[in-house]
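See structure below.
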Amino acid sequence: MINLIEVVYHHAGDHYFLREATINPNHIVSMSPSEEHILLHTQNKLPTGLHDAQQFVKISFSNGKSIVAIGSSQIINEKIITAKKLLLG
């Protein structure tokens, strides 16, 4: 399992917020940059305090669901590799 920070849209309040998400990397099907969230960040529609050059990645899972996490595909891949090494000992 790996921990990420997820970007979530709150429909009722019409705003975005961040929350911690723990995911099973064995269920990841694909990862790709989220250009939509980069644009939202440049428009100041995401929570304050994020770095100007912050990256966002859309992660798709085997059950058809997806999330947008803070970071790049490379950073998330590094977390996956570290988690697998810990599991294998």
Side-chain angles (χ1 to χ4, degrees):
M1 303 298 263
I2 60 172
N3 293 322
L4 302 172
I5 303 298
E6 178 183 8
V7 180
V8 182
Y9 180 69
H10 186 265
H11 294 282
D14 193 32
H15 69 280
Y16 290 86
F17 64 95
L18 306 177
R19 69 177 173 198
E20 188 173 355
T22 302
I23 64 169
N24 184 340
N26 293 327
H27 295 282
I28 294 174
V29 175
S30 66
M31 293 189 289
S32 59
S34 176
E35 302 297 332
E36 174 188 356
H37 286 77
I38 292 170
L39 179 61
L40 289 168
H41 184 43
T42 61
Q43 296 171 340
N44 296 317
K45 293 185 178 180
L46 297 182
T48 59
L50 297 173
H51 190 275
D52 289 342
Q54 187 63 63
Q55 296 181 46
F56 304 90
V57 64
K58 181 178 180 180
I59 303 171
S60 299
F61 298 99
S62 56
N63 64 0
K65 295 183 180 183
S66 63
I67 65 169
V68 174
I70 291 180
S72 66
S73 296
Q74 179 182 354
I75 290 170
I76 294 171
N77 273 327
E78 289 171 7
K79 286 185 173 200
I80 292 169
I81 290 167
T82 301
K84 287 184 178 181
K85 284 181 182 178
L86 290 173
L87 286 175
L88 296 175

Sequence neighbours excluded, every pair satisfying side chain to side chain donor-acceptor pair (under 3.5 Å) that has a member inside residues 53-68: His27-Ser62

Look up atom [atom1] in [X] and atom [atom2] in [Y], then write down how far apart they are to the nearest 0.5 Å.
{"X": "Tyr9", "Y": "Leu40", "atom1": "OH", "atom2": "CG", "result": "10.0 Å"}
{"X": "Thr82", "Y": "Asn77", "atom1": "OG1", "atom2": "CG", "result": "10.5 Å"}
{"X": "Ser34", "Y": "Ile70", "atom1": "OG", "atom2": "CD1", "result": "11.5 Å"}
{"X": "Thr42", "Y": "Asn44", "atom1": "OG1", "atom2": "CG", "result": "8.0 Å"}

Transitive ILVMFWY side-chain link Val57 to Leu50, under 4.5 Å: no

Cluster check Phe17, Ile5: I/L/V/M/F/W/Y, side chain < 4.5 angstrom: no

Under a 4.5 Å cut-off applied to non-hydrogen side-chain atoms, are [X] and [Y] in contact?
{"X": "Lys84", "Y": "Asn26", "value": "yes"}
{"X": "Ile76", "Y": "Ile2", "value": "yes"}
{"X": "Ile23", "Y": "Glu6", "value": "no"}
{"X": "Val68", "Y": "Glu36", "value": "no"}
{"X": "Leu18", "Y": "Val7", "value": "yes"}
{"X": "Ile81", "Y": "Lys85", "value": "yes"}

Leu4 and its side-chain contact (heavy atoms from CB on, under 4.5 Å) partner, picked from Arg19, Lys79, Glu20: Lys79

Heavy-atom donor-acceptor pair, Lys45 side chain to Tyr16 backbone, under 3.5 Å: no

Flag if over 12 foreign heavy atoms under 6.0 Å of CD, Gln43: yes

Shortest non-hydrogen contact from Ser32 toward Ser73: N-OG, 4.3 Å

Sequence neighbours excluded - ring pair (Phe, Tyr, Trp, His ring centres under 6.0 Å) pairs with any residue from residues 47-68: His41-Phe56

